[in-house]
Amino acid sequence: MDAGSVESLFAGYPDVRLRLVSRSAHTSQVVTGFLMLARRRRIALTIEDAGHRREEYPHPHLVEAFVGGRRIAFDMLDGYNFDVVAAAAYIRGVDLYFKRSCSTFRNGVFPAEVRAKIRPLGFNYHVTCPENPINPAPVEIKSLRKRLIALFMRGRTKRI
């Protein structure tokens, strides 16, 4: 799949399904990008939580996008800290694989047909937006949680 055909997948108003393997903060920038495209009515977006199927993936820092019959993976793991055999088997099952911290040298451990699917993901900064399911709980909720725990624990503490 070349760059031109990737762009053609997103022409018009395509249906895009994102599959989140985890709520890893590393994946926030990918989810944010797709949410922003949906808010601008460039895509129709659905988000699916696949955390219960984590064993199907070489690591949890992955987001999959299904668009135009294609399966596109975004590997947001820094480096290559995963089982190479499991990663190669996974990459064979996708149409395109964008890798954060991509290294042509490190990709050399993969067979040629796997390497052909791997592309560098150049943008590597934390990005988020409101309603991103990756966002941590707001400070107000964390504070309320602490107060509720303190309130419930107060009655359970024994004084000597």
Note to self: For Arg115 versus Gly108, what's the shortest heavy-atom pair and its separation?
What the structure shows: NH1-O, 3.9 Å
Check: Quick one: does Arg23's side chain get under 4.5 Å of Pro133's, heavy atoms only?
Finding: yes
Notebook entry, point to check: Side chains of Leu35 and Ile47: closer than 4.5 Å at any heavy-atom pair?
Noted result: yes
Check: If you take all heavy atoms of Ala86 and Pro58, which pair is closest and at what distance?
Finding: C-CB, 4.2 Å
Notebook entry, point to check: If Ile, Leu, Val, Met, Phe, Trp and Tyr residues are connected whenever their side-chain heavy atoms lie under 4.5 Å apart, and connections chain through other members, are Leu121 and Val31 in the same group?
Noted result: yes
Margin query: In the structure I gave you, are the side-chain heavy atoms of Asp75 and Arg100 within less than 4.5 Å of one another anywhere?
Written below: no
Next item on the list: Would you please classify the geometry between the Phe74 ring and the Phe34 ring as parallel, tilted or perpendicular, with 30° and 60° separating the classes?
Entry: perpendicular
Next item on the list: Evaluate side-chain contact (heavy atoms from CB on, under 4.5 Å) for Val21 paired with Arg54, printing each intermediate quantity in order.
Entry: CA-CA 6 Å; Val21 178; Arg54 202 177 268 185; 4.1 Å; yes
Next item on the list: Rounded to the nearest 0.5 Å, what's the gap from CG on Leu62 to CD on Glu56? Could you check?
Entry: 12.0 Å
Next item on the list: Using the rule that two of Ile, Leu, Val, Met, Phe, Trp, Tyr join whenever any of their side-chain heavy atoms come within less than 4.5 Å, decide whether Val67 and Leu37 are in one cluster.
Entry: yes
Notebook entry, point to check: For the hydrophobic clusters of this structure (ILVMFWY residues joined by side-chain heavy atoms under 4.5 Å, transitively), does one cluster hold both Val30 and Leu20?
Noted result: yes
Notebook entry, point to check: Can you check whether Arg92 reaches Val114 side chain to side chain, under 4.5 Å on heavy atoms?
Noted result: yes
Next item on the list: Mark yes or no for whether Arg106, through its side chain, and Gly79, through its backbone, hold a donor-acceptor pair below 3.5 Å.
Entry: no
Checklist line | CD1 on Ile72 to CZ on Phe66, rounded to 0.5 Å | finding: 10.0 Å
Next item on the list: With the side chain counted from C-beta on, respond yes when Arg119 and Leu96 share a heavy-atom pair under 4.5 Å apart, and no when they do not.
Entry: yes
Notebook entry, point to check: Are any of the side-chain heavy atoms of Phe82 and Tyr90 separated by less than 4.5 Å?
Noted result: no
Margin query: Just verifying a value: how many Å separate Ile91 CD1 and Lys117 NZ, rounded to the nearest 0.5 Å?
Written below: 8.5 Å
Next item on the list: Begin with the C-alpha distance, continue with both residues' side-chain angles, and end with the deciding distance and a verdict on side-chain contact (heavy atoms from CB on, under 4.5 Å) for Leu18 and Leu45.
Entry: CA-CA 7 Å; Leu18 279 191; Leu45 181 66; 3.9 Å; yes
Checklist line | Asn107 side, atom CG; Cys102 side, atom SG - distance, nearest 0.5 Å | finding: 4.5 Å
Next item on the list: Could you tell me which non-hydrogen atom of Val16 sits nearest to which non-hydrogen atom of Ala65, and how far apart they are?
Entry: CG1-CB, 4.5 Å
Check: Which heavy-atom pair separates Ser22 from Thr27 by the least distance, and what is that distance?
Finding: O-OG1, 4.2 Å
Note to self: Can you confirm whether Glu48 sits close enough to Glu64 that some side-chain heavy atom of one is under 4.5 Å from a side-chain heavy atom of the other?
What the structure shows: no
Note to self: How long is the straight-line distance from OG1 of Thr46 back to CZ of Arg17, given to the nearest 0.5 Å?
What the structure shows: 6.5 Å
Checklist line | Nearest heavy atoms of Pro120 and Phe98, plus distance in Å | finding: O-CD2, 3.9 Å
Next item on the list: Validate the cation-pi geometry between Lys99 and Tyr80: distance from NZ or CZ to the six-membered ring centre under 6.0 Å, angle to the ring axis within 45°.
Entry: yes
Checklist line | Shared hydrophobic cluster for Val94 and Val84 (ILVMFWY, side-chain gaps under 4.5 Å) | finding: yes
Next item on the list: Kindly indicate whether the side chain of Asp78, heavy atoms from C-beta on, has any atom under 4.5 Å from the side chain of His26.
Entry: yes
